[in-house]
Amino acid sequence: MSFPEDFVWGAAAAAYQIEGAAREDGRGPCVWDRLCRRDGAIWGGHTGDVACDHYHRYREDVELMRWIGLKAYRLSISWPRVLPDGAGAVNPMGVDFYDRLVDELLAAGVTPYVTLFHWDFPLALYERGGWLNRESAEWFAEYAKVVADRLSDRVGHWLTLNEPQVFVSLGHFEGVHAPGDKLTMKQALQVGHHALLGHGKAVQAVRAAARGPCQIGFAPVAVVKTPATDTREDIEAARRSMFAANDETLFNNSWWMDPPLWGRYPEDGLAVYGSSAPQVRDGDMEAICQPLDFFGVNVYSGQTVRAGTDGPETVPLEVGGRMTAMRWAVAPQVLRWGPTFLHERYHLPIHITENGMSNVDWVSLDGRVHDPQRIDFLWRYLLELGKAIGSGVDVRGYFHWSILDNFEWAEGYRERFGLIYVDYPTQRRIPKDSAAWYREVIASNGRTLFDPGACGTPGSGQTTGRESESA
Ligand code: GCO
């Protein structure tokens with residue numbers, strides 16, 4: 001078993017979570033700037049004002065990516081850094097930053113994958129109704145055009161929306177993410193519809209503006225269902241359950257995935273939402289359903305399902321089973337079955353655009369950051385991904401979330417997801433043991449996963465030799 005020779009080993013981050021420089025060089029405010037000022041909204045009262053100061057330290061960060069040997073880095077563009085009012089005048093200093101970042105990545109041999117929207121919606125447009133205003137789809141497409149005009153001579157890989165289900169549900173329905181609204185289900189589904197419409201129009205805008213070959217996808221999160229056993233019945237139960245749109249939350253996979261790929265909302269979803277279903281105008285579904293080049297998907301955890309007498313049944317979590325610091329169940333099989341089911345259904349090459357875990361990491365007395373749990377997590381998950389590939393699923397890349405510890409939304413800086421530790425008071429970067437381990441996985445193109453001796457000795461106790469000196 002091996003990974004394809006051109007497999008894209010990557011890592012990811014997002015603008016608001018790492019850049020900082022929230023009021024510098026003409027960046028306009030975004031909905032997260034505003035939510036972070038609301039009492040009690042964010043753990044510890046944290047904000048993204050400084051974050052990892054990546055805006056000023058991107059060279060050092062790219063150098064660390066080069067050291068890890070990343071083939072690709074998934075970044076996101078801050079919409080209000082490029083367009084401070086969300087629409088209209090372009091902020092030249094904002095676009096210059098992404099220009100420099102892209103050049104730096106290319107010089108380091110790291111291919112940029114650019115996400116256009118990773119949740120930092122411009123406040124000025126929120127004040128004009130935000131995603132609830134149907135015009136938002138046009139605003140998003142105009143912004144996409146501005147970015148593509150400027151970067152598409154060097155950027156060939158694009159993602160439109162990151163996890164629409166999360167910013168719609170947590171941001172517009174539960175009110176725990178920005179913009180912090182608690183809309184009705186009907187309004188929230190309308191927000192979702194406009195975002196999907198924005199996706200379709202942005203795909204068109206990027207293709208029309210592209211100055212070089214371009215590949216476009218989006219990055220929904222998948223709630224993956226895995227079969228309790230490898231029997232045909234359990235596999236079928238998991239597959240059915242994964243694409244059933246029958247629960248009243250905003251997390252039905254097919255609700256978000258079928259429209260861009262198939263041009264229609266799932267029938268069972270329309271039935272379950274009933275009168276809350278969004279208003280769809282003529283031509284909307286065609287606009288949403290644009291040809292995509294790959295299926296990007298964020299995969300973290302999932303549920304185990306078995307065939308029951310009355311259809312698929314969810315198997316309860318094992319008592320005392322493995323959990324991350326966020327208390328998400330460790331479920332490596334999601335990286336086998338997630339891509340398998342998605343590929344069967346949508347027939348597109350798959351990129352795992354996010355996967356990773358938060359861990360209770362700190363700097364040890366020896367000055368290093370030992371994170372054996374993350375290594376074990378990554379090892380287990382990548383072996384399962386290898387099984388999917390071995391069985392013929394066309395998986396082209398894997399992006400670890402995240403390259404750096406960063407601002408974990410409502411959890412602030414409490415959660416550490418990085419391969420690289422960030423000491424926030426000094427902004428010093430320290431590659432964790434997992435970074436060194438991932439480096440060997442990449443250098444061996446995955447062979448160390450199956451044969452630990454293939455390239456050095458993965459695991460704990462290695463020195464990276466790359467602890468950053470900056471303070
Ligand atoms: C998301 C976002 C990331 C998160 C990560 C860990 O999936 O919520 O894409 O920004 O930080 O997933 O929760």
Side-chain angles (χ1 to χ4, degrees), residues 10-20 30-32 35-36 42-43 46-48 51-52 54 73-79 113-121 159-174 176-180 195 199 217-224 249-251 253 256-257 295-302 323-331 334-335 338 351-361 371 373-374 377-378 381 397-420 422 434:
Y16 190 78
Q17 296 180 276
I18 64 167
E19 284 179 3
C30 73
V31 290
W32 274 95
L35 184 72
C36 287
I42 313 294
W43 189 83
H46 298 167
T47 75
C52 308
H54 175 73
Y73 168 56
R74 175 178 173 230
L75 63 118
S76 85
I77 307 268
S78 156
W79 183 346
Y113 278 56
V114 169
T115 304
L116 289 164
F117 182 64
H118 202 128
W119 307 354
D120 41 0
F121 193 84
L159 295 129
T160 56
L161 306 175
N162 180 68
E163 298 189 356
Q165 50 272 76
V166 177
F167 74 81
V168 175
S169 184
L170 301 192
H172 294 81
F173 186 65
E174 294 179 41
V176 295
H177 277 191
H199 153 84
F218 73 137
V221 65
V223 182
V224 176
T249 70
L250 288 157
F251 283 92
N253 291 312
W256 304 95
M257 298 174 181
F295 196 103
V297 63
N298 298 350
V299 180
Y300 287 91
S301 192
M323 296 224 180
T324 72
M326 292 270 264
R327 294 297 181 258
W328 294 353
V330 175
V334 296
L335 272 197
H351 276 287
I352 304 300
T353 36
E354 284 180 26
N355 166 253
M357 65 171 277
S358 82
N359 193 42
V360 187
D361 300 320
D371 56 345
Q373 288 86 351
R374 184 172 287 101
F377 175 102
L378 199 39
Y381 274 67
Y398 170 89
F399 291 78
H400 190 74
W401 184 273
S402 170
I403 183 67
L404 298 171
D405 289 338
N406 60 51
F407 177 78
E408 178 56 24
W409 309 116
E411 323 305 329
Y413 299 97
R414 188 184 66 189
E415 303 297 333
R416 293 185 177 273
F417 272 89
L419 293 166
I420 296 168
V422 177
S434 57

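Please read all numbers here as calculations on a predicted model, not as lab measurements. We count residues from 1, following the sequence as given. Just follow the structure's listing: the first ligand is 1, and inside any ligand the first atom is 1.
Between Trp32 and Phe407, the ring planes are perpendicular. Angles over 60° get that label, and only those under 30° would be called parallel. Taking the six-membered ring for Trp and thresholds of 30 and 60 degrees, Tyr16 and Trp409 have nearly parallel ring planes, at less than 30 degrees apart. Relative ring orientation between Tyr413 and His46 is described as tilted, the plane-to-plane angle lying within the 30° to 60° band.
Of the protein's heavy atoms, Gln17 OE1, 2.7 Å lies nearest to atom 10 (O) of ligand 1. At the top of the distance list for atom 1 (C) of ligand 1, counting protein heavy atoms only, stands Glu163 OE1, 3.0 Å. From the protein, the heavy atom lying nearest to atom 9 (O) of ligand 1 is Glu354 OE2, 2.6 Å.
Residue contact check: Trp119 has heavy atoms under 4.0 Å from atoms 1 (C), 2 (C), 8 (O) of ligand 1. Atoms of ligand 1 found under 4.0 Å from any heavy atom of Phe417, numbered from 1 in the order shown, are 6 (C), 13 (O).
Within the 4.0 Å heavy-atom criterion, the part of Glu408 lying near ligand 1 is the side chain and not the backbone.
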Could you go through the side-chain contact (heavy atoms from CB on, under 4.5 Å) check for Gln17 and His118 one step at a time?
CA-CA 9 Å; Gln17 296 180 276; His118 202 128; 3.8 Å; yes

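By heavy-atom distance, the residue among Trp409, Tyr300, Trp401 lying nearest atom 12 (O) of ligand 1 is Tyr300.
Of the N and O atoms on the side chains of Tyr398 and Asn355, at least one donor lies less than 3.5 Å from an acceptor on the other residue. In this structure, a donor-acceptor pair under 3.5 Å is present between the side chains of Tyr300 and Glu354. Side-chain contact check for Asp371 and Ser434: at least one donor-acceptor pair (N or O, by modelled atom type) lies under 3.5 Å.
At least one heavy atom of Trp328 lies less than 4.0 angstrom from ligand 1. Residue contact check for ligand 1: Asn162 places a non-hydrogen atom closer than 4.0 Å to it. Heavy atoms of His118 come nearer than 4.0 angstrom to ligand 1 in at least one pair.
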